[in-house]
Participant: 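Once you've had a glance at the structure underneath, I'll fire off some questions.
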Amino acid sequence: MSGPDRERREGGLRDDARLAVRLWHFVRPHQAWLWGSLVLLLLASAAGLAQPWLLRLVLDQHLAPGKLEGLGALVATFVGALVLELVLRSAQGLLLEVAGQNALLDLRRAVFRHLQRLATAFFDRTPTGKLIGRVTTDVEALQELFASGVVTILADLLTLTAIVGILLWMSWQLTLVTLLVVPVLLAVTIFIRRHVRDAYGVMIGRRSRLNASLHEKSSGMSLIQAFRREADMRADFGEDNAGLRDAELRTVLWESVLSTATDLLSSLTSALIVWYGGGLAIEALGLEQAAAELRGAVTVGVLFAFLQYMDRFFGPLNDLSLKYTVMQSALTAASRIFELLDQDQVLPEAAQPVDPGPPRGEIRFEGVTFGYDPAQPVLRELSFRVRPGESVAIVGATGAGKTTILKLLSRLYDVQTGRILLDGVDLREYALHDLRRRVGIVPQDVFLFRGDVLENIRLGHPEVSEEEARAAADQLHLDEVVARLPGGYRELVRERGANLSAGERQLIAFARVLALEPGVLALDEATSNVDTRLEELLQEAVATVMGGRTSLVIAHRLSTIRDVDRILVFAKGRLVEEGSHDELLARRGAYWRLHSMQFSEPA
Amino acid sequence: MPSKRPLLEILHRYRWRYALGAVCVVATTALRLTIPRFLWSGLDALSVAQHAQGTLSAAELSRLEGVVARAALWIVLAALLQAPVRTASRLAVLGASRRVAHDLLQRVFDVLLRLSPSFFLRNPTGQLMSRCINDRNFVRGLSGPVFMYMAETITLYAIAVPLLLSIDARLGGLALLPYPVFLVLARVIARGIQEEARLAQEALSDVSEKVDESLSGELVIKTLAIEDSDYARFDERCRAYRRHNLRVAWLRALLTGSMMALAGLSTTLVVWIGGPRVVRGEMSIEDFGLLLTYLAWLAGPTRTLGFVISSMRRGLAAYGRIAEILEAEPELADPPRVGPAPTVGAGALSLRGLTLTYPPLSEQPHLSGSLPEHLVGSAQDRPRTVLRDVTLEVPAGTTLGVVGHTGAGKTTLARVLARQLAIEPGQVFLDDVDLCDYDLAEVRRHTGFVPQEAFLFSATLAENVALGRPDAPREEVAAAVRAAQLQQDLDQLPQGLDTLLGERGVNLSGGQRQRTALARVLLLDPRLLILDDTLSAVDPPTADAILAHLRPFAARRTTLLVAHRLSTVRHAEQIVVLEDGAVVERGTHAQLLALGGRYADTWRSQEDGAAQARRARELEPRGEPS
């Protein structure tokens, strides 16, 4: 049950550069580690490069002429270089890891922060599973970029340059011939790059889809089982799973081709050195010793060093090609992450939020039209006012747009036309945080977080002391309910509160809002799952707590809203009646019909 | 440590690919090892000639040229031969690793399909997803690159070590001396890496779980304006993950460092001892060069060995976490059977002393990391009895109403009968057969269960309704939608029955979701209908209309009706009042009213509203409603 997914082709080198710049933004705060690592790496490389040189000296100055003296010192230097390289490389790797992990942490935080800012409308149409993948798996792919990435590549390039320098100094002819391979290598890499990148783009898309599929199926597993759809779901999941596998197999194919090509070129270069370099050496052998030295001719030692350097030359080059594919994977992941960060479906916040003064609790809807899909308005030309301290009930058939009113009131969505005022200020002129602190909403779907009952009541508000939270809960007679639980207020809420009954969850959600003492309290069918006895207690508590506070109550049972000051009756997104219970009954209109249907004696 | 059998079974499936890969790795490595032979034969000839600098004849020089050209030619040949073999080895092994990862995940999913709902309650979805996706990636590394590097390393050792010893047994042996010591050291560090990697993977699961929680609770977080504290919780988990990763990195640096030291030590020994011997003429330059080259061949894989070992350990740790799911026992399973499976008949239910006690939390099977440690041994960590000695007879085709306070065990009872919760055998009988003796599918086929919270899949409304009968004709789906009173809402949906719902589509209101869930069941023909406070979010007039439609449907079925609103159950042939998991009152509506107990109290208080409404109506002027 998953729709088609985009499998886009990624852009060119320019996009890569742009991505790199944006990634750098996350690395920059940790660049000290990075530079440290680079310095160590260069030192390590120098120590590494010195080794063939020293061996060359061993060969040319001691072994070939059979001279023993000074050999010891040379070998000791060699050992020193070796140990130095080792220590430096280990330290360098660690520094790099620290930089990388810090940058990843920052990136995860940034993505999470951005997700928090995104408007509810974004989440209405983005599968949760996909987003989880972005924050975990895709960010993870970037670790490779940092671990084997920028610094190493930079160092590799420097090493390559240094090697070319040394080689030129030893024998420029041989060097030029050897480097003939480089353009070929470049051409091959550029050709394969496109394919590698595309393959990774497809792979990451498929992985997202698999994530979404898995998330949905695990969440709805009990239904799948109850309706015996296991076979279908297995096939469905199997398709997504196989899709990912096939995409991964394509990446393997291109990686293998690239890796083989580099390896082949490296061996051909060795052959070239032996053949051409050997020729040069032989030519030099034909000369007098003095003449040969004068012309800087190729000796066996030079040949040996050349071969060793070429090994070191192709090592990074081989690595570069491997890293290159890793980088492609990372960059593709990065582009998806940035795509999410660029997602600008954020409710605009006023640049200069208005200070609306102390909360009074006045709500005004003025000509509000709204639809989740603008073409399908849920509320049409809606106007009403709730006076400070007034309690107002909203009634109407399911789907009349009642819940939407609350969502607009806490500005989860922006209205399409008209405006909503709270305490005389347009909601859009509030700082979002201030607005939401003024409006306490008990939503229809109770959502509990991991933690215990008390933590859920105090949720995110350290200023609410444990005592205050308990007091709020006790007012709702939650103490009677938690007495049933072995952990009492410390009872752990497990996976979204599945260990609590629906009624208990609603009470907790209610206490959570009461603890914040908002100026406006909005309840969305908050009492539908509470049994009658608790409901009575609850209403009593609400009456006390709401004394003097504006409240907006959506309830399906008309019995629960008899005591409100005013009732608004909705039908199909419009306000059709308003007035007190008695007035509305006397009018014998929509409310009266609803009411008589509800309390009519069943036939 | 969980069993490695499932992994080995899957690996076995691809044994020919791995065999091919291994053969190719051996071939490539062998070919690669021939190159230094040619290289050094050329260099040696030159180096001998270098002693005779300037005195060589033209013939001698051209002989040398021949030697050098032959060496170069051999190198080219070997390289050309090596290229396809090398590609084949990578494709075989890396390809197999992707297939292994796929098969393993499919196997995990198969297990998930069998696991009981309680498993999904104990182990948050975010955690499961991380195991399935993130841990899978590390297992992929284990079955691919790690295998390849290991094969390469072993081959190199197998070929280079004898060669090394054949050139100079004493010097070669000396060079190899440090190896065993270091390999033992590596083992110790590797174990630490595995443990730390496991913790890191667990921490990543926590991150995943937190993201899942924050996204699912997005609305609450926004309306309560608790973004900052939610972020702090997320941050804490991300930091824990980084901490473990850095510890892994530290151990890995130690490991790769010691491996590099090992390679260096060998080379040093050869230069230190071999160098003077060459000078003294006890050893040819060719032998010395070959020794060094073979050691360099060994050094390469030895250096990467550190990395390979740590990847292997991380892969094993990740596999261990996946295997935990594979080993999870479904609490509900088909009973072992010899004879024919019983089939559901008319649907007569008989509960005989049904008692359900959950074991203490710490004794319930948890995936590692899913059980908060501070709970172990706490007040919450003790057995809980949620149903006590419930004895009931529900004749086929009758309705049982279940009422009671919040937390009294109503939902638990509904879930037991819907085969969502495991019970001990001998307590519940369906058509005089123990419920536990039926195959799960048989009971589920004949049970229509509508849970309190309706879950919708990302699919069209029609597909969601047809969940139990994907091939149901459109008219029947439409009829079920009408019976659930969803028809009136269709106008609001952009594409009516074909509107996409769920995460990728339209969000329905609570009442609409409940009615969709109800429509699902109406499309089936269950013997047993279980409605768990299904209409709580539906407005009463609609709920009444639904109940009216439901009555003929329910009349032919054994029905369990859980409700808060007593008017919902008043027509039931039998009503029970649950309290603290036990039946405290039972009878028909009239009997219970006459009893004057809890039911009667609740009825009176709920009726107050109705009474007031009636009074209001009496006060009104006479006349027909418009």
Side-chain angles (χ1 to χ4, degrees), chain A residues 1 63 66 68 75 79 82 86 90 93-94 97 101 105 108 112 116 127-128 132 135-136 218 220 222 227 230 237 245 248 252 256 260 264 267 271 274-275 278 282 288-289 300 398-399 410 433 436-437 441 444 447 460 486-487 495 498 501-503 528-529 531-532 556 559 585 597-599, chain B residues 46-47 53-54 64 68 71-72 75-76 79 83 87 90 94 98 102 109 113 117 121 124-125 208 211 215 217 220 223 225-227 229 234 238 242 249 253 257 260 264 268 271 278-279 379-380 405-407 455 457 459 467-468 489 503 510-511 536 539-541 564 602 606 609-610 613 616:
Chain A
M1 292 200 178
L63 304 196
L68 207 54
V75 172
V79 172
L82 223 132
L86 187 152
S90 294
L94 268 181
E97 186 82 21
Q101 289 290 337
L105 180 65
R108 278 210 171 86
F112 191 81
Q116 286 191 325
T128 312
I132 297 174
V135 185
T136 58
S218 322
S222 67
F227 286 84
E230 289 96 332
F237 180 81
R245 177 196 60 199
E248 285 188 341
V252 166
S256 302
T260 304
L264 186 62
S267 295
V274 171
W275 176 71
I282 291 165
E288 289 297 323
Q289 177 114 28
V300 180
T398 298
S410 55
H433 187 261
R436 289 177 179 159
R437 289 302 302 271
I441 291 195
Q444 193 174 42
F447 188 92
E495 178 81 326
S501 77
S528 60
N529 273 316
D531 58 84
T532 314
H556 289 141
S559 63
L585 279 184
M597 273 167 86
Q598 183 162 2
F599 293 109
Chain B
L46 286 177
S47 132
Q53 177 89 41
L64 277 175
V68 164
I75 294 171
V76 171
T87 313
R90 288 184 73 92
L94 297 182
R98 269 55 176 185
H102 164 269
F109 189 72
L113 280 172
L121 295 183
T125 309
S208 164
V211 178
L215 293 180
V220 175
T223 52
I226 53 165
E227 281 91 348
S229 71
F234 169 79
C238 286
R242 181 187 59 166
M260 275 158 61
T268 310
V271 177
V278 173
V279 173
Q380 299 177 49
H405 289 148
T406 255
F455 182 86
F457 289 92
L467 183 65
D489 304 77
E503 287 191 316
S536 61
D539 59 286
H564 278 114
T602 314
Q606 287 189 356

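Chain letters run A, B, ... following the sequence lines, proteins first and then strands; every chain starts at 1. These numbers come from the heavy atoms of this one structure, side chains and all, not from hydrogens, waters or symmetry mates. As the structure is a computational prediction, the values presented were derived from the model and not from experiment.
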Participant: Any side-chain donor-acceptor pair under 3.5 Å between A/S410 and B/T223?
Facilitator: no
Participant: Counting only non-hydrogen atoms closer than 4.5 Å, does A/L82 touch chain B with its backbone (N, CA, C, O), its side chain (CB onward), both, or neither?
Facilitator: side chain
Participant: Donor-acceptor check, side chain of A/Q116 to backbone of B/E227, threshold 3.5 angstrom: yes or no?
Facilitator: yes
Participant: Which answer fits A/I132, side chain, backbone, both or neither, if we ask what part of it has an atom under 4.5 Å from a heavy atom of chain B?
Facilitator: both
Participant: Any idea which of B/I226, B/V68, B/I75, B/L113 has the most non-hydrogen atom pairs under 4.5 angstrom with chain A?
Facilitator: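 Winner by heavy-atom pair count: B/L113.
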Participant: Of the backbone (N, CA, C, O) and the side chain (C-beta and beyond), which part of A/V135 lies under 4.5 Å from a heavy atom of chain B, both, or neither?
Facilitator: side chain
Participant: Measuring from B/S229:OG to B/F234:CZ, what's the distance to the nearest 0.5 Å?
Facilitator: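 Answer rounded to 0.5 Å: 14.0 Å.
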Participant: With respect to chain B, which residue among A/V79, A/I441, A/T260 yields the maximal number of heavy-atom pairs within a distance under 4.5 Å?
Facilitator: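 The answer is A/T260.
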Participant: Select one option (side chain, backbone, both, neither) describing which atoms of B/V271 are under 4.5 Å from chain A's heavy atoms.
Facilitator: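 Looking at B/V271, backbone and side chain both touch chain A.
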Participant: Under the side-chain hydrogen bond (donor to acceptor under 3.5 Å, both in side chains) rule, collect the residues that match up with A/R436, sequence neighbours excluded.
Facilitator: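 Scan of A/R436 (side-chain hydrogen bond (donor to acceptor under 3.5 Å, both in side chains), adjacent residues dropped) gives none.
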Participant: What are the two closest non-hydrogen atoms of B/A253 and A/S90, and how far apart are they?
Facilitator: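 Looks like O-OG, 3.7 Å.
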